[in-house]
Number of protein chains: 2
Amino acid sequence: MNRHHSPVIPHVLIVDDAPDIRSSLCQYLKKQGLHTSSAADAAEARQTLSEAHIDLVILDIMMPGEDGLSLCRWMAANTEIPVILLTAMAADMERIIGLEVGADDYVVKPFNPRELLARARAVMRRHPATAFTAESRCRRFDKWIHNPKDQTIIHHNGSTVKLTSTENRLLGVLLDHPYRVLKRSMLLDRVMRREEKAYDRAIDNQVGRLRKKIEQDPSNPKILVTEWGGGYKLMAEVESTEAP
Amino acid sequence: MNRHHSPVIPHVLIVDDAPDIRSSLCQYLKKQGLHTSSAADAAEARQTLSEAHIDLVILDIMMPGEDGLSLCRWMAANTEIPVILLTAMAADMERIIGLEVGADDYVVKPFNPRELLARARAVMRRHPATAFTAESRCRRFDKWIHNPKDQTIIHHNGSTVKLTSTENRLLGVLLDHPYRVLKRSMLLDRVMRREEKAYDRAIDNQVGRLRKKIEQDPSNPKILVTEWGGGYKLMAEVESTEAP
DNA sequence: ATTGTGTGAGACAAATTGCGACAATTGAAT
DNA sequence: ATTCAATTGTCGCAATTTGTCTCACACAAT
């Protein structure tokens with residue numbers, strides 16, 4: 001479980017002739033901690049592919065000029081870069097899937113950017129050529145920036161606090177699900193190395209320890225809050241960010 | 001019905017190994033205004049669950065690989081996320097219901113998407129954990145400002161009073177329906193986490209406790225008023241407001 | 001007034017959690 | 001291998017939160 005991935009941030013190329021989709025998608029993925037480029041047509045896409053190191057292509061197949069499908073076929077034949085296809089119509093999608101163009105996944109417009117991101121991650125994770133790690137992402141919450149690679153959190157005033165590895169994992173899971181109550185069993189599952197029989201309340205201890213580091217007043221938690229009878233929840237906006 | 005349209009559109013995860021069901025169901029639910037993701041097997045579902053904020057899982061239990069049932073059990077044990085089970089055969093369904101896997105509802109294929117949607121909505125509405133999670137807006141009433149994120153109310157004179165988790169939920173529901181009589185059964189449903197058997201008047205106690213915190217004279221309630229034989233109602237103008 | 005039902009307030013027990021203490025374990029340096 | 005320090009799991013106990021119960025009282029209808 002402790003795969004230490006490359007610190008390289010994945011670079012996504014978005015190919016779509018609609019400028020609004022290009023920019024909004026770029027913006028969203030950037031905010032989520034990815035690098036992005038965009039191209040308005042297949043020719044531009046080829047250009048970018050030859051110049052930059054691209055880890056994933058998100059490709060709208062309904063484009064003027066060279067068909068998106070032929071670009072997709074070309075990539076499948078000549079590169080290792082995974083492709084996610086976009087199309088406006090579900091009906092077309094079925095036809096296209098039948099064509100076996102070598103795409104790794106398909107999304108129908110209008111899509112939820114979050115879902116697209118999840119699929120992008122899934123595709124990249126599956127793909128040996130791209131080592132994408134959600135674990136190495138830095139995320140901002142409250143007045144802190146979590147740097148999971150260094151096991152540190154950096155306060156807005158500049159001071160740095162070191163986390164232990166368990167605290168680091170715990171914070172990572174909490175940041176994955178802000179505003180949601182996470183049960184002890186779930187946290188135990190993902191955070192602790194438990195030997196079959198685990199003391200159910202080992203997690204309480206870690207929560208308390210993490211509180212001492214991130215809360216202004218650990219006896220009055222504002223960020224890592226207890227839901228009585230439920231579990232714990234992180235009450236803070238979370239935003240992916242570049243390493244500081 | 002939900003006058004403060006939740007800022008969070010429910011996000012449904014569909015787990016089914018049949019691609020046609022996945023995509024058609026996704027499409028239908030999307031058209032009906034929900035966010036959707038899909039997974040082809042249990043492993044993919046776990047991945048999505050750890051990465052995205054999922055409010056409901058629709059799960060086909062007849063899947064290759066890890067049994068859908070074990071995923072369902074794991075979710076019941078480790079998450080608060082409600083589950084609707086799908087199966088192709090009505091006969092199997094009875095057996096499965098007997099297994100007590102912790103699902104919230106069951107639908108037999110082939111199903112009417114509209115019915116599935118209705119059940120999905122019912123399950124989510126009924127589920128306090130998912131319905132409430134990310135609602136963190138502050139609201140002003142009488143001389144108080146409710147800050148659900150911090151579980152506090154702040155008086156106009158500046159003093160802050162802490163609420164317990166249950167009081168916080170109760171006040172949240174009351175503020176959702178000002179000047180309206182709320183029956184005990186409704187409050188029990190949304191406020192208490194009731195384990196099978198519930199003492200009908202547990203809510204009275206919570207109302208009393210909340211009164212001690214918000215009423216000037218708790219024995220003469222002006223804000224949280226009893227409707228004799230009916231329930232309780234909040235008699236105050238409610239106004240959404242910025243965090244103080 | 002009397003009766004029956006619903007409600008408020010306090011007491012109480014059960015369940016849950018915070019926190020300090022400590023032992024077991026790990027990891028690094030010697 | 002040994003030592004030492006840091007980390008982490010386990011436990012005990014006090015404090016908090018919650019659900020249930022009891023009893024006195026309020027309300028509506030005889």
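The shown structure was predicted, so the numbers you read here are calculated from the model rather than taken from an experiment. To find a chain, count down the sequence lines: A is the first, B the second, and so on, and within it residues start at 1.
Under the salt bridge (Lys or Arg N to Asp or Glu O under 4.0 Å) criterion, A:Arg184 pairs with A:Asp204, not counting sequence neighbours. Take A:Asn205 and apply the side chain to side chain donor-acceptor pair (under 3.5 Å) test, not counting sequence neighbours, and it matches no residue. B:Tyr179 is linked by a side chain to side chain contact (heavy atoms under 4.5 Å, CB included) to B:Met235, B:Glu237, counting only residues two or more places apart in sequence or in another chain.
Atom C1' of nucleotide D:dT18 and atom CG of B:Leu188 are separated by 13 Å, given to the nearest angstrom. Going from atom CD of A:Gln151 over to atom C1' of D:dT7 covers 11 Å, rounded to whole Å. At whole-Å resolution of the value, CE in A:Met192 and P in C:dA24 are 18 Å apart. Remark: P of C:dT7 and NZ of B:Lys183 are 13 Å apart, rounded to the nearest angstrom. The separation between B:Gln206 atom CD and D:dT16 atom P is 16 Å, rounded to whole Å. B:Asp200 has its CG atom 17 Å from the C1' atom of C:dG8, to the nearest Å. In this entry the distance linking CD of B:Glu167 with C1' of D:dT18 reads 10 Å, nearest Å. Here the C1' atom of nucleotide D:dT8 and the NZ atom of A:Lys162 are 16 Å apart, to the nearest Å.
Here the straight-line distance linking atom CG of A:Leu56 with atom CD1 of A:Ile81 works out to 9.0 Å at 0.5 Å rounding.
The ring pair (Phe, Tyr, Trp, His ring centres under 6.0 Å) pairs that include a residue from residues 205-229 of chain A number zero, where partners must be two or more places apart or lie in different chains.
Ring centers of A:His156 and A:Trp144: at least 6.0 Å apart, outside the cut-off.
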5' to 3', nucleotides 13-19 of chain C under a 4.0 Å protein heavy-atom cut-off (B base, S sugar-phosphate only, - none) gives --BSBBB
Side-chain atoms of residues 217-225 of chain B: list all donor-acceptor pairs with protein atoms under 3.5 Å, sequence neighbours left out, distances to 0.1 Å.
| from | atom 1 | to | atom 2 | distance (Å) |
| --- | --- | --- | --- | --- |
| B:Asp217 | OD1 | B:Ser219 | N | 3.2 |
| B:Asp217 | OD1 | B:Ser219 | OG | 2.7 |

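Judged by atom type and distance alone, A:Arg209 does not reach the base of C:dG20 through any side-chain donor-acceptor pair under 3.5 Å.
Proximity of A:Thr164 to the phosphate of D:dT8: a side-chain N or O atom is located under 4.0 Å from OP1 or OP2. Close to D:dA6, at under 4.0 Å from its OP1 or OP2, lies no side-chain N or O of A:Ser165.
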